[in-house]
Amino acid sequence: MKLTRVMTVALAAAAASPLAAEDLALVIVNAEYDRVRDLDGNGLDQTFEDALEDAGFRVFAGADLTGPQMQRLAGEFAAAAGDSDEDDRIVVVLSGHLAGSAADGWLLGREVQVPNAFGVGAAALPFSPLAEIAARAPGQAVLMVADPEREVEVGAGLQGGTAPLPAPQGVTVAQGEIEGLLDFLRDGLLQPGMSYAEAIDEAGRDVTVSGYVSAASGLLPAEGAAPAPRPQPPREESTDTGEIAYWSAVRDIGTVEALRSYLERYPDGKFAADARRLIDDAVTAPQRRAEAAEAALELSRDQRRQIQRNLSLIGFDPRGIDGIFGPATRTAIGAWQKAKGFDATTFLTARQIQDIQTAANARAAELEREAAERRAAEERQDRAYWRDLGEGRDEAALRAYLKRYPDGIFSDVARDRLAQSEDDRAGQVRREVRQAWRGAQEADNIAAYQSFLERYPDTPFEDAARARIAELEDQNRNSAEVEQARQEETGVAGNTVTRLLVERRLQQIGFDPGAVDGAFDEAARRAIRRFQRDQGVPITGYVTRETMVRLLAMR
């Protein structure tokens with residue numbers, strides 16, 4: 001790696017120097033390798049060299065070179081480019097085994113065996129410094145890299161057989177089979193007056209060309225014609241070799257901290273935009289990868305609902321169980337990830353989904369144990385109170401029981417006995433009083449019962465009227481909570497299908513909802529209240545989000 005940095009800095013420093021009127025070419029064709037399979041291309045280095053020399057280029061050529069040999073040759077080429085001016089032309093031809101990483105690409109030397117990202121620089125030639133040299137001749141620079149017909153085995157941090165080839169502004173980049181590149185150069189680019197676009201059409205083999213491809217100008221002007229105007233990059237202040245060297249080292253290191261150190265030192269430097277882009281890529285890459293990983297899981301709507309239910313169970317409210325991962329669900333996922341020490345990407349992995357499921361299963365079992373203990377204690381107290389009242393020996397005892405346990409074990413018995421008592425009393429009072437009592441019951445509000453008591457203060461219905469007034473006053477004190485629960489139920493269980501599901505679940509776990517018809521009649525409301533009391537959640541008789549989560553968690 002040290003050799004790579006030295007080489008990179010040397011080439012970049014040469015590229016930063018002023019340029020002189022001499023067309024230059026670098027040609028390296030590696031075909032025979034010591035430890036890996038050979039490639040096509042034997043003798044073609046000489047063919048490229050002859051074609052370029054015939055066109056007036058000063059050529060730095062070599063074949064089957066080692067890494068250090070390539071670096072020395074490229075250094076000589078870079079030094080010559082550093083002595084040239086703005087009117088020269090640049091051609092670089094590279095062929096051999098390739099390797100690449102996210103940071104750069106390399107032409108591998110003949111001695112290479114199994115290179116990795118930590119040692120590739122000792123046996124390879126990097127692409128990026130050559131691209132920087134070519135960028136100094138916009139409109140008159142060509143980078144050509146042959147695609148190897150087979151890949152070489154590489155180690156950690158590298159990919160064999162491919163390499164990122166930068167295309168600086170104004171530079172023509174060509175890739176393809178080596179014979180195709182030769183045709184593209186010899187029969188196209190080196191023909192005076194042939195434009196870049198015409199040279200592509202003239203090539204007899206498949207060649208991929210990117211970067212600067214003009215239909216009006218080419219590498220060589222027509223004989224006797226004045227050179228075509230060259231595209232000029234934006235004028236910039238000169239970049240000193242110290243900045244280039246610093247940037248080269250930073251790019252080799254490749255960390256966000258290193259990139260930020262460059263910006264601190266050169267906030268308006270030549271490579272500041274690249275540094276900011278690389279930092280942004282590094283920061284956002286984990287988020288993009290996380291999003292893609294979750295998308296690859298192809299979660300169904302039901303699976304998403306299950307995840308939302310599980311998040312609710314373990315205390316991370318997604319604000320709904322609808323199978324849609326909106327902002328509230330993403331916030332809940334991110335909060336869970338942060339609590340568990342994961343990167344808070346808000347996108348889930350398969351492992352995290354399983355972790356949430358495991359935690360939800362444990363929480364559901366815990367809630368069931370708590371509910372069973374609460375139910376057993378409630379039943380003991382219920383039965384004891386019933387016994388203390390003489391098992392409803394009179395109306396006062398029955399009303400006292402219903403006041404404490406409106407949905408208790410003996411609530412139906414107590415109501416039936418009170419109803420029977422009222423029927424018996426109804427036969428003992430005149431018709432006018434019976435009709436007034438039925439009217440108050442139909443209205444079933446505090447004002448109606450108070451009006452009845454004012455008109456008929458001493459009747460057998462007095463106790464029943466006062467007891468009902470007390471019940472309604474208790475309900476009014478909780479009216480805000482009940483109304484909120486009612487509105488919440490509209491979103492949680494607002495359709496018949498969901499209500500049927502709720503009633504079936506209540507029936508399955510032992511809370512009789514009456515007819516399972518999705519109507520939510522008084523029997524269903526009583527079952528909901530009993531379930532809520534059993535679970536220790538606010539008792540409203542309406543299916544809130546918490547009630548639904550608890551219902552779905554029950555086994």
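- Of the possible donor and acceptor atoms, one in the side chain of E294 sits under 3.5 Å from a partner among the backbone N and O of L348.
- In this structure, the separation between CG on D64 and CG on D38 is 8.0 Å, given to the nearest 0.5 Å.
- The cationic atom of R550 (NZ for Lys, CZ for Arg) does not lie both less than 6.0 Å from the six-membered ring centre of F531 and within 45° of the ring axis.
- Within a 6.0 Å radius of CZ in R319, other residues, nucleotides and ligands contribute 12 heavy atoms or fewer.
- In plain terms, the two heavy atoms of D534 and R375 that are nearest each other are OD1-NE, 2.7 Å.
- When the salt bridge (charged side-chain N to carboxylate O under 4.0 Å, His left out) test is applied to D34, the partners found at least two apart in sequence or on another chain are R110.
- Applying the side-chain hydrogen bond (donor to acceptor under 3.5 Å, both in side chains) test to T358 and every residue at least two apart in sequence or in another chain returns Q354.
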Subject >> Residue pair Q535, E546: steps toward the side chain to side chain donor-acceptor pair (under 3.5 Å) verdict >> reply: CA-CA 10 Å; Q535 293 292 309; E546 186 174 7; over 6 Å; no
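- The main-chain N or O of G67 is found under 3.5 Å from a side-chain atom of E111 such that the two form a donor-acceptor pair.
- Using modelled atom types and a 3.5 Å distance limit, the side chains of N361 and Q357 yield a donor-acceptor pair.
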Original post:
Should D280 and R277 be marked as a salt bridge (charged side-chain N to carboxylate O under 4.0 Å, His left out) after you check the CA-CA gap, both sets of side-chain angles, and the distance that decides it?
Top reply: CA-CA 5 Å; D280 183 65; R277 176 181 55 78; over 6 Å; no
**OP:** For Q487 and E483, run side chain to side chain donor-acceptor pair (under 3.5 Å): C-alpha distance rounded to whole Å, both residues' side-chain angles, the deciding distance at 0.1 Å, then the answer.
**Re:** CA-CA 6 Å; Q487 293 178 3; E483 176 59 22; 3.0 Å; yes
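- Relative ring orientation between Y266 and Y246 is described as perpendicular, the plane-to-plane angle rising above 60° on a 0-90° scale split at 30° and 60°.
- In this structure, V152 and V154 have side chains that are in contact, with non-hydrogen atoms separated by less than 4.5 Å.
- Contact of the S411 side chain with the R530 side chain is registered, since non-hydrogen atoms from C-beta on lie closer than 4.5 Å.
- Ring geometry for W386 against F410 counts as parallel: the plane angle stays under 30°, on a 0 to 90° scale with 60° as the upper cut.
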Would you tabulate the side-chain donor-acceptor contacts of residues 332-344 under 3.5 Å, counting partners in other chains and residues two or more places apart, or write 'none'?
unit_1, atom_1, unit_2, atom_2, d
Q337, OE1, T345, N, 3.1
Q337, OE1, T346, N, 2.8
Q337, NE2, F347, O, 2.8
Q337, NE2, Q352, OE1, 3.0

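- Sorted by first and then second residue, the ring-ring contact (aromatic ring centres under 6.0 Å, His included) pairs involving residues 276-313 (not counting sequence neighbours) form an empty list.
- Surrounding CZ of R37 are at most 12 heavy atoms belonging to other residues, nucleotides or ligands under 6.0 Å away.
- Taking Y542 as the reference, nothing meets the ring pair (Phe, Tyr, Trp, His ring centres under 6.0 Å) condition, with sequence neighbours excluded.
- S210 pairs by the side-chain hydrogen bond (donor to acceptor under 3.5 Å, both in side chains) definition with nothing, not counting sequence neighbours.
- A 6.0 Å sphere centred on CD of E153 holds no more than 12 heavy atoms belonging to other residues, nucleotides or ligands.
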